[in-house]
2 protein chains.
Amino acid sequence: MRPTVHDIAAEAGVSLATVDRVLNNRPGVRTVTRDKVERAIATLGYIRDVAAANLAKSRSYPLIFILPEGENAFMRGLEAEVQSAMARSAVERTDVSILSVPAFDASALADALDEARRRGPAGVAVVAVEAPEVVAAVGRLREDGIAVVTLVSDLTGSEREHFAGVDNIAAGRTAGSLMRRFVGGRDGPVAIVAGSMLVRDHRDRLEGFSAAVNEGAAKRQLLPVVEGHDDPSEVENLVQDLLAAHPNLTGIYSLGAGNRGLIAALEKAGRQSEICAIAHELTPYSRAALVSGTIDALLNQDAGHEVRSAIRVLKARADGLSMIEAQERIRIDIFLKDNLPVEPV
Amino acid sequence: MRPTVHDIAAEAGVSLATVDRVLNNRPGVRTVTRDKVERAIATLGYIRDVAAANLAKSRSYPLIFILPEGENAFMRGLEAEVQSAMARSAVERTDVSILSVPAFDASALADALDEARRRGPAGVAVVAVEAPEVVAAVGRLREDGIAVVTLVSDLTGSEREHFAGVDNIAAGRTAGSLMRRFVGGRDGPVAIVAGSMLVRDHRDRLEGFSAAVNEGAAKRQLLPVVEGHDDPSEVENLVQDLLAAHPNLTGIYSLGAGNRGLIAALEKAGRQSEICAIAHELTPYSRAALVSGTIDALLNQDAGHEVRSAIRVLKARADGLSMIEAQERIRIDIFLKDNLPVEPV
DNA sequence: CTGTTAGCGCCTTCAT
DNA sequence: ATGAAGGCGCTAACAG
């Protein structure tokens with residue numbers, strides 16, 4: 001039987017309440033007493049039963065997730081993950097709500113952050129747009145002692161406690177490395193389609209890709225980046241133009257969303273097998289395109305992991321506890337059609 | 001405040017004990033009473049607090065892991081994961097122990113299973129070797145009501161409740177697909193090094209690889225499989241011979257362990273950059289080789305996930321509960337040097 | 001068949 | 001500064 005608070009109390013010759021005070025280092029204990037208790041804890045090798053502690057506390061954590069609206073399939077998947085976290089809220093003692101904001105709109109996002117602040121939650125998770133007003137709004141939340149984590153896209157220079165997302169420079173590098181090997185000896189330029197250079201994750205991916213795709217010998221021509229604002233029809237038009245302008249195009253890297261447009265343009269032009277397409281995020285559309293061969297490789301961040309990680313970190317920070325950095329690191333998954341996980345994703 | 005057993009008792013006009021009986025569908029409740037309680041549960045939208053239930057039960061789960069001994073780095077990593085599960089045993093109410101057996105030795109494994117049975121645990125996780133005596137020993141465990149899951153390598157025809165490992169046919173296919181694209185237009189055969197055809201996972205990987213590497217047009221020559229028994233020096237000798245015999249070798253697929261030998265042979269021959277090497281499992285050795293470029297891609301199964309999944313399933317089965325199949329599916333991770341997760345793995 | 005009572009390990013008033 | 005007692009939500013004897 002592992003030792004309990006009773007055992008420590010007995011060993012140290014004090015009451016349960018004192019043991020509890022020491023355990024949660026609350027004030028009102030003389031140093032000598034504290035030492036006695038700590039010695040007892042050490043000799044008995046006590047480990048606190050977190051479940052029992054939570055039961056006794058019956059504490060709950062009001063958390064707000066701020067997500068971009070629109071038909072971006074990845075973001076909708078992310079929202080679904082937040083929703084299933086809401087379903088678990090009973091057992092996780094958390095009280096999660098969602099605030100939707102227009103995509104790529106810094107001032108709307110800043111307003112939403114202020115609205116979240118008004119509601120006084122224990123923590124806020126936000127898909128950031130990089131802008132000074134957003135940084136400032138995050139600062140106000142932190143002043144009120146509200147924990148903040150950025151989700152998917154980070155916010156440079158802000159006071160956020162943690163970033164729950166992937167290393168996007170590495171993700172871009174991975175895409176570049178795959179592109180280089182997949183196109184092999186074939187000639188012709190490679191195109192890059194981004195969402196917006198306003199968000200950190202897209203800028204980082206571009207940087208990584210550009211560096212890795214031309215590592216080693218061959219210098220392949222990279223076409224100037226075009227921005228499709230994660231909108232399928234805008235992306236479709238852009239890709240259509242690219243295809244028309246470059247009959248010898250060998251590859252397309254789509255580093256943002258709106259992949260439905262990419263897929264449609266490639267298939268309408270009938271050039272899906274000659275062009276190596278690499279994109280991000282596993283959605284029903286991109287999955288189908290990977291299976292059919294229109295897309296050759298997909299990089300993914302596990303939205304479920306990101307949401308769960310954000311919640312863990314937010315809860316820990318709300319309690320003033322620290323987190324295990326390495327454990328919360330989100331992986332960059334590579335999917336080919338052969339190692340596609342089972343549906344639904 | 002979410003409803004508790006007290007609320008149900010009040011709503012249904014019965015005592016706590018009766019509510020508990022219904023909740024855990026224990027016998028000794030009239031159908032009418034049971035109905036009343038179930039109606040109350042439904043109308044109040046009751047969700048049981050598992051943590052509190054576990055606390056009250058103060059149940060613990062004795063679990064035995066049977067692992068192959070030897071210097072196979074992946075298996076040692078797996079053992080380390082089991083050990084860190086032992087460290088968590090306090091909080092998870094589990095009591096994990098390890099039984100070591102010689103690798104690829106069916107009769108030793110059968111003996112170990114019988115030994116495990118003698119100890120009467122709630123469940124057993126085993127890295128299987130496929131042989132009738134092993135199947136029989138698993139059958140005996142199941143007869144005693146002991147839950148069994150296979151780990152990493154499955155056991156066809158056995159009564160195991162679950163396989164905690166990857167789809168190895170898909171893993172082989174993934175390797176084949178990468179090999180095909182990475183070697184591109186270059187000529188020359190591809191070699192395959194296995195551990196042993198006695199274990200299911202190696203046979204499955206071979207099957208998947210053979211099918212995928214020659215999908216589409218080009219028919220690349222596959223050399224006959226050689227078996228290195230997951231032993232670094234044996235593997236090194238085999239690869240050395242392969243390199244000598246085939247000056248135009250373009251690729252090597254190592255589908256088992258002993259990759260230290262593969263790496264040494266390639267580097268001693270100075271042919272690491274001209275030959276595309278794809279291997280399995282991220283270990284300190286294979287990681288270094290991926291970074292240096294000797295290995296081009298690594299497929300991995302997350303040993304930590306496998307161990308945690310095995311424990312979850314074993315606990316659930318010991319309680320006669322079901323598991324969510326999809327949730328326990330282990331992914332096939334692809335690592336290039338660009339998306340390598342942070343150390344230590 | 002059903003109810004009463006006493007915990008599980010911890011935290012939290014309220015006294016002292 | 002310390003202790004006693006009650007309760008978190010659930011389960012498990014033991015009585016009726």
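Please read these numbers as outputs of a predicted model, since none were measured by experiment. Letters A, B, ... are given to chains in the order of the sequence lines, protein chains preceding strands, and every chain is numbered from 1.
Candidate nucleotides D/dA1, C/dT2, C/dC11 were compared by shortest atom distance to the side chain of A/A53, and C/dC11 ranks first. Taking only side-chain atoms of A/T18, from C-beta outward, the nucleotide of C/dC1, D/dC10, D/dG3 with the closest atom is D/dG3. Of the listed nucleotides (D/dG3, D/dA12, D/dC14), D/dA12 has the atom at the smallest distance from the side chain of B/R26. You'll find that the side chain of B/R21 is closest to C/dG3, out of D/dG9, D/dG3, C/dG3. The listed nucleotides are C/dC1, D/dC10, D/dT2; the one nearest the side chain of A/V29 is D/dT2. Taking only side-chain atoms of A/S15, from C-beta outward, the nucleotide of C/dG9, C/dT4, D/dT2 with the closest atom is D/dT2. Listed candidates were D/dA4, C/dG3, D/dG9. Nearest to the side chain of B/D49 is D/dG9.
The backbone N or O of A/Y61 sits nowhere less than 3.5 Å from a side-chain atom of A/R93 that would complete a donor-acceptor pair.
Nucleotide C/dT13 holds its P atom 16 Å from the CG atom of A/L16, rounded to whole Å. For the pair A/K57 NZ and C/dT12 P, the computed distance is 7 Å after rounding to whole Å. One interatomic measurement links the two molecules: CD1 of B/I41 to P of D/dC10, which rounds to 10 Å at whole-angstrom precision. Here D/dC10 presents its P atom at 7 Å from CZ of B/R2, a figure rounded to the nearest Å. If you take NE2 of B/H6 and P of D/dC10, they are 9 Å apart, rounded to a whole angstrom. Taking atom CG of residue B/N54 and atom P of nucleotide C/dC10, one finds them 15 Å apart after rounding to whole Å. Distance B/Y46 OH to D/dC10 P: 3 Å, rounded to the nearest Å. Between A/R93 atom CZ and C/dC10 atom P there is a gap of 15 Å when expressed in whole angstrom units.
When side chains are defined from C-beta on, B/E38 counts as touching B/R34, because their heavy atoms get closer than 4.5 Å. Looking only at side-chain heavy atoms (C-beta outward), B/F74 and B/R76 stay at 4.5 Å or farther from each other.
No contact: B/V19 has no heavy atom under 4.0 Å from any strand. Nucleic acid contact for A/D20: base, since at least one base atom lies under 4.0 Å from a heavy atom of the residue. Looking at heavy-atom distances under 4.0 Å, A/N24 makes contact with sugar-phosphate atoms alone, never a base. Residue contacts for A/A17: at a heavy-atom cut-off of 4.0 Å it reaches a base atom on one of the strands shown.
A/R34 has no side-chain polar atom (N or O) that falls below the 4.0 Å cut-off from OP1 or OP2 of D/dA1. A sub-4.0 Å separation between OP1 or OP2 of D/dT11 and a side-chain N or O of B/S58 is absent. Distances shown here put a side-chain N or O of A/R30 below 4.0 Å from the OP1 or OP2 atom of D/dT2.
Rounded to 10 degrees, the angle separating the terminal axes of the helix from C/dC1-D/dG16 to C/dT16-D/dA1 is 40°, with each axis obtained from five end pairs.
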- Begin from the C-alpha positions of B/D167 and B/R329 and carry the test salt bridge (charged side-chain N to carboxylate O under 4.0 Å, His left out) through to its verdict. CA-CA 9 Å; B/D167 175 344; B/R329 193 147 281 146; over 6 Å; no
- Pair A/I332-A/N300, side chain to side chain contact (heavy atoms under 4.5 Å, CB included): steps then yes or no: CA-CA 6 Å; A/I332 300 159; A/N300 188 62; over 6 Å; no
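The 5' end of DNA chain C is approached more closely, in terms of each residue's nearest nucleotide, by B/G28 than by the other of A/L55 and B/G28.
Applying the 6.0 Å contact sphere to CD of A/E159 captures no more than 12 heavy atoms from other residues, nucleotides or ligands.
Between the side chains of B/R48 and B/N24, at least one donor N or O sits under 3.5 Å from an acceptor N or O.
A side chain to side chain contact (heavy atoms under 4.5 Å, CB included) with A/V126 holds for exactly one of A/L109, A/V149, A/L151; it is A/L109.
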